[in-house]
Amino acid sequence: MHTKRRRLLLILAALVLVVLAVLVGVFAGAKYFVGQESAVRTAWRVDVGELLGEDQELGLELRHADVESDLTVLQLVPFEVDQEGFTYYDTAVQDRLAQALEKAKAGGQAWEAGAPLAVLNPYGTGNNGLYLYFETDLETQVTYTVHVEGLPDFTATAADQSGQAYSRTHEFQLIGLVPGETNQVTMVISGSWGNVRQQVSFSITMPETRSGYPTRLDYTDGESGAALSQGLFTMMRTNGYLGYGFFFDNEGVLRYEMVLEGYGLDRILWVDGDMVTCISSTRLARLDGLGRVKRVYDLTGYELHHDIIGGLAGKVIALVDKLDSETIEDVVVEVDLETGAVTELVDFSVLMEAYFRNETHPVPLTGDFFWQAGEWDWLHLNTVEYLEEGDSLIVSSRETSTVVKVENVHSQPELVWLLGDPAFWEGTAYEDLSLTPVGDFVFQYGQHSVEYAGAGEEEGVYYLRLYNNNYWSNSTRDYVPELDESVSESLYGDSGDHSWVYVYRVDENQGTFSLEQSFPVPYSSIVSNAAPAGEDGNWVVNSGISHVYGEYDETGTLIREFSYECTMQGYRTFKHSFAGFWFQA
């Protein structure tokens, strides 16, 4: 008997050790997964061809690009590309590359459409972008078609760096070349009356994707007969492929692979024709249509998390972690694009201290987000919107399943209202700030992508759109809600689970909110977004846990859905026309 008991105890002890080892492994894996967001790229060199010469003054090699082409395609390589700490997101490096291009343009050779100055990825920021420069006798514009055997053609009119629709000098980045494929390019050069002045064709076999990401996505057409909007779907923070941005056309073909320092695109902002976006977890950058980095913004003392948005003129507002704080994901800062200064606008742990201190605790190991164990993620802001009226911020808090409005953010920040399930705030210091729901609907839970969607019929009335994840979880407060049976508590979803696109009408005059439009979309417990696409009322919706994004018509009926590859989740997908940046309007 004694021997059997001892054997049983040994078996139980072994099982406990196995369980603990599994838990430790899962926890460590999850921590590693999250930690990838702050990793910074250390390898920038790509395969290049024959060395043609060196510019000692600029510290650059001039090489043939490692491509097969009818054109002579060059590549510029900084001497220090292999050194520790090198990055293309350094304006000093970018200035040297720009000077090299200027030297080549003015080098005495007559660059013509049939024999242009062609440089692959001239600024190191776009793996399959091809810089072209040439001159024409008359003022013309360039429309090009990229043909790849077995794929749909891609046609666009290039946006010239001069900003002019028609010009005698043509300088642009040709977007649309498919990585790993032989691309047949036909350029049609036309005058302002539409008459074709010249037609030039060339072939170029492009390098494979640098990330290893697929160049073609599978898609399924929905029931809507509406047309897809023009533009490129822009995939942001695709886990497993952090440090890149992917741009797909309406046929699911990869047309551009943006190379970042790390992290991923949270959002693309447009400032005077330039792109402003995240390039790592602590830096933003401003780029032009050639891929040149014109300015870099360091967020010293802060780490980006979840969103950036335009604020007052020349300013960007960002959600961040404050690195010396006991809490995370609860601070909003402003970045001045002229000076680079970073100003803290709102620390919600101070603004909502009565809730934070009295009602919440750090994430426990037994929480749904156990990989955050020990972190005080009491609010988890995931979207920010700035409204100049009232100097206001509207933020989305995933942890409380609440949308929050704050006014006077540049002076004395003041809470205005809370939008969500009022029961959540009952008994707290903020109970009286809850807006009153009007109508019969299920509240949003775990929402993302809350955005201003237009003014209402009178002052104080407006609309908000959002991605309602329809997922309840709270790891930092001992609160058990009464949930409608349609609300999921499963991270990966159960059969029949849906997320939703919601449009709310907010009436600040009456202190109410109502659900004006909704439609179901594939389930995603976390991440994800819903945003306008084109000018006909279409939507682009990303369901990150389901690994799909789709375009829907104005009624919420699916036009086309694309499935994509990632590890666990893809954060967001927007659709941009890139008019005036890469393409003519």
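Nothing fancy with the numbering, it's 1 onward along the sequence. No hydrogens, no waters, no symmetry mates; every other heavy atom, side chains included, goes into these values.
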Practice item. Could you point out which residue of Y256, F583, W270 forms a ring-ring contact (aromatic ring centres under 6.0 Å, His included) with H576? Key: W270
Check your understanding: Strictly by modelled atom types, are T140 and H170 linked by a side-chain donor-acceptor pair under 3.5 Å?
Key -> yes
Point to revise | Stepwise side chain to side chain donor-acceptor pair (under 3.5 Å) test for S224 and D553 | key: CA-CA 7 Å; S224 175; D553 67 20; 2.7 Å; yes
Point to revise | Between Y467 and N382, a side-chain donor and acceptor under 3.5 Å | key: no
Check your understanding: Knowing that exactly one of L76, L287, V259, L290 qualifies, which makes a side-chain contact (heavy atoms from CB on, under 4.5 Å) with Y123?
Key -> L290
Check your understanding: Are a donor atom and an acceptor atom from the side chains of N128 and E257 found within less than 3.5 Å of each other?
Key -> no
Practice item. Take the angle between the ring planes of H306 and H380 and call it parallel below 30°, perpendicular above 60°, tilted in between. Key: tilted
Check your understanding: Can you say whether the rings of Y549 and F233 are parallel (under 30°), tilted (30 to 60°) or perpendicular (over 60°)?
Key -> tilted
Practice item. Rounded to the nearest 0.5 Å, what's the gap from CG on D497 to OH on Y471? Could you check? Key: 11.0 Å
Review point. Could you walk me through whether F247 and F578 pass the side chain to side chain contact (heavy atoms under 4.5 Å, CB included) check?
Key: CA-CA 11 Å; F247 301 75; F578 297 96; 3.5 Å; yes
Check your understanding: Pick from D218, N542, T238: which one makes a side-chain hydrogen bond (donor to acceptor under 3.5 Å, both in side chains) with Y564?
Key -> N542
Exercise for review: Would you please classify the geometry between the F86 ring and the Y88 ring as parallel, tilted or perpendicular, with 30° and 60° separating the classes?
Suggested key: perpendicular
Revision key, fill the gap. side-chain hydrogen bond (donor to acceptor under 3.5 Å, both in side chains) with Y523: of S546, S543, S488, only one passes, and it is S488
